[in-house]
Amino acid sequence: MNYDFNFKEITYKILSSAVAKAIGEGALPGGVDYPQCRVEYPKEQKFGDTSSSFSLETARLLRKPPMEIGATLKEFIEKHNEIDKVEVVKPGFINIFFSIDYLIEMMKEVTIKDFSFGRCTKEKPRRVNLEFVSANPTGPLNIVSARAAAIGDTIASILEANGDIVEREFYVNDYGNQVELLGKSVLARIREIRGEDSHFPEDGYHGAYVRDIAAHVLENFSEDLGSRMLEKELNDFSSEMAIRFNVERQKQDLEKFNVKYNCWFKESSLHQSGDVSATLKELESKNVIYSDEGKKLFRSTDYGDDKDRVVMRDDGRPTYLLADIAYHRDKIRRGYDLIIDIWGPDHHGYIKRLEGAVKALEYHGEFFVLIAQQVNLVLEGDTIKMSKRLGNFSTMSELIEEIGVDVARYFFIMRSLESHLDFDLALAKKESSENPVFYLQYAYARICSIFREAEKRGIHRDYKDIENEHLKGHESVALIKMILKYPEEIASAAETLEPHKIANYLLRLAQVFHRFYTEHRVLTDDAIKTNSYLFLSDSVRIVLRNGLRLLGISTPEKM
RNA sequence: GCGCCUGUAGCUCAGUUGGAUAGAGCAACAGCCUUCUAAGUUGUGGGCCACAGGUUCGAAUCCUGUCAGGCGCGCCA
């Protein structure tokens, strides 16, 4: 059975059947176009577990005071074992209070399902392709890439938990002018090291890592280098070596960050296979391409773009856009139901033209572009500007070195993707003892500690031998309700592609547990009470663990 | 000039798709450990939700305009 408890769904079913019954018995007028019963979580406990504004919304339609409509509906609701009581309050809200015994029964799913609690399977799972980071292979990954990595990986995990099949993909831009320029920069450094005459390209890459690459090439491939005479050959070789070096390093950085890809897709492969020119032909056959002064342009203005975009230069070389369209055409042909790209903030102007191209190719699935907004790295109150060309950027590996994988991932995931975020490196490090990450992990470690102690004392655990009355205290009830919301949080985060919801949820769960822990001793002389509390604590442990794993954050059993 | 994103407590940010008295963490102040982990907990203070209109039973949320900040506006990738 693949059923997870869901407050809103149950409330919705109860309410809609009450409405139907009320209409059937003439308590509410028929032949009226009723809106759907909307269910919300009220902010305050006194307003119930769930709440509906149905009577407020229909008051005008029915020409009746909301309170009266609420009172009518209440009569048709009350006989459900899920529900403890129904209240109709002030302006006309219908507030529903769930029965604790029922909720405890529902919570038994958690320890039974264990690792699979919060995960669901679909009859028809969507095949999803998620492309993220895709930084140019011209240097080490920076902080924005780190953000995209943490969020992209977590979105993928959340979609998987929600029953979809996800492929994580990295697009390697190993083609074009930038690559050539990188090769020239490396070659110049090689000659410098050898003490030869060298001319460093004007717009070249000045970062220190270019010297590392040069040294690496000299050390391992000086024979290959020596066998090449022509400048062009030397350049190409340097480019190739540099790309290989950088991609390898990016791969390592990402793996250190708990991010693994299913596919590293090379742009150059599209040029070699002829896909780029095939794409142009296909677009031409759809009549969205026209020629102008020897160039070929994509009519992207038909899709809301500011102007039409060149896809083929007058010398016959394709633009980056054409290759990117070819790349997306390839993804489309792989048959995904959903294609998601996560891009940096400097590419938002590019969305319209690519969306247009995807439409022109008549893709039948869904295509989203998410923009990971910029990250300002703040050090002692000063914002550090990042620029690869100038070489004074902070790298992802430096960040991980400084604050660790868990903290870095959590800090990125806890904020929504669109927020421009100030990342205070000094603070993240300095505060590490009072960090939300440690707060979360501490809750988990505390529970593990309880179980270690229980084992030491030889306590026999049996979750069939619990007594509901022990779980009806204020702190216990809060925990039970929080635990039961986990599957809904996953579903919601999956739908909106917002992992920060999970981060916030877990923090709240940890908070409610810490309160429970402070107020109640789990291991006592009362065997049934102990069992009841162990059952509750174990459920919390499972949710915390499942949630943290989803975020790619470790779950230490001791701290 | 045009486009995208942002503007909520001293700071960093949430706000369940339009709901009831706007929240959390950090920072500040005051309490709580002979007990399973005090990396914890309880309480206090802190707000013109950038501003002005509009939409309706109801707006931080939707629409219009203004202001401020960031980014973009290549036949670079």
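Convention: sequence-line order gives letters A, B, ...; per-chain numbering from 1.
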Peer 1: Pairing of RNA chain B as dot-bracket, 5' to 3': ( ) intra-strand, [ ] crossing, | other strand, . unpaired, with Watson-Crick or G-U pairs under 3.5 Å?
Peer 2: (((((((..((((.....[...)))).(((((.......))))).....(((((..]....))))))))))))....

Peer 1: Please work out if A:Asp292 contacts a base, only the sugar-phosphate, or nothing of the nucleic acid, heavy-atom cut-off 4.0 Å.
Peer 2: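 No contact.
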
Peer 1: Taking donor-acceptor contacts at under 3.5 Å, does the side chain of A:Lys46 reach the base of B:rU21?
Peer 2: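 Such a pair exists between side chain and base.
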
Peer 1: So which protein N/O to nucleotides 40-47 of chain B N/O distances come out below 3.5 Å?
Peer 2:
| residue | atom | partner | partner atom | Å |
| --- | --- | --- | --- | --- |
| B:rG40 | O2' | A:Arg446 | NH1 | 2.8 |
| B:rU41 | OP1 | A:Tyr439 | OH | 2.5 |
| B:rU41 | O4' | A:Thr518 | OG1 | 3.4 |
| B:rU42 | OP1 | A:Arg515 | NE | 2.4 |

Peer 1: Describe the nucleic acid contact of A:Lys8 in one word from base, sugar-phosphate, nothing, applying a heavy-atom distance below 4.0 Å.
Peer 2: sugar-phosphate

Peer 1: Determine whether a donor-acceptor pair (one donor, one acceptor, N or O, separation below 3.5 Å) exists between the side chain of A:Asp174 and the base of B:rA77.
Peer 2: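 Answer is no: no donor-acceptor pair is held.
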
Peer 1: For RNA chain B, determine which residues of residues 296-317 of chain A have any heavy atom closer than 4.0 angstrom to one of its atoms, and list them numerically.
Peer 2: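 A:Lys307, A:Val310, A:Arg313, in order of number.
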
Peer 1: Show the distances under 3.5 angstrom between N or O atoms of the protein and N or O atoms of nucleotides 9-13 of chain B.
Peer 2:
| residue | atom | partner | partner atom | Å |
| --- | --- | --- | --- | --- |
| B:rU12 | O2' | A:Arg415 | NH1 | 2.5 |
| B:rU12 | O2' | A:Arg415 | NH2 | 3.3 |
| B:rC13 | OP1 | A:His420 | O | 3.0 |
| B:rC13 | OP1 | A:Asp422 | N | 2.8 |

Peer 1: Looking at RNA chain B, which of residues 521-545 of chain A put a heavy atom within less than 4.0 Å of it?
Peer 2: A:Arg521, A:Val522, A:Leu523

Peer 1: Which residues within residues 493-505 of chain A lie with some heavy atom under 4.0 Å of an atom in RNA chain B?
Peer 2: A:Thr496, A:His500, A:Asn504

Peer 1: Describe the nucleic acid contact of A:Glu40 in one word from base, sugar-phosphate, nothing, applying a heavy-atom distance below 4.0 Å.
Peer 2: base

Peer 1: Checking only heavy atoms, does the side chain of A:His348 share a donor-acceptor pair with the base of B:rG3 at less than 3.5 Å?
Peer 2: yes

Peer 1: Would you give the length of the straight line joining atom CD1 of A:Ile450 to atom CZ of A:Arg521, rounded to the nearest 0.5 angstrom?
Peer 2: 9.0 Å

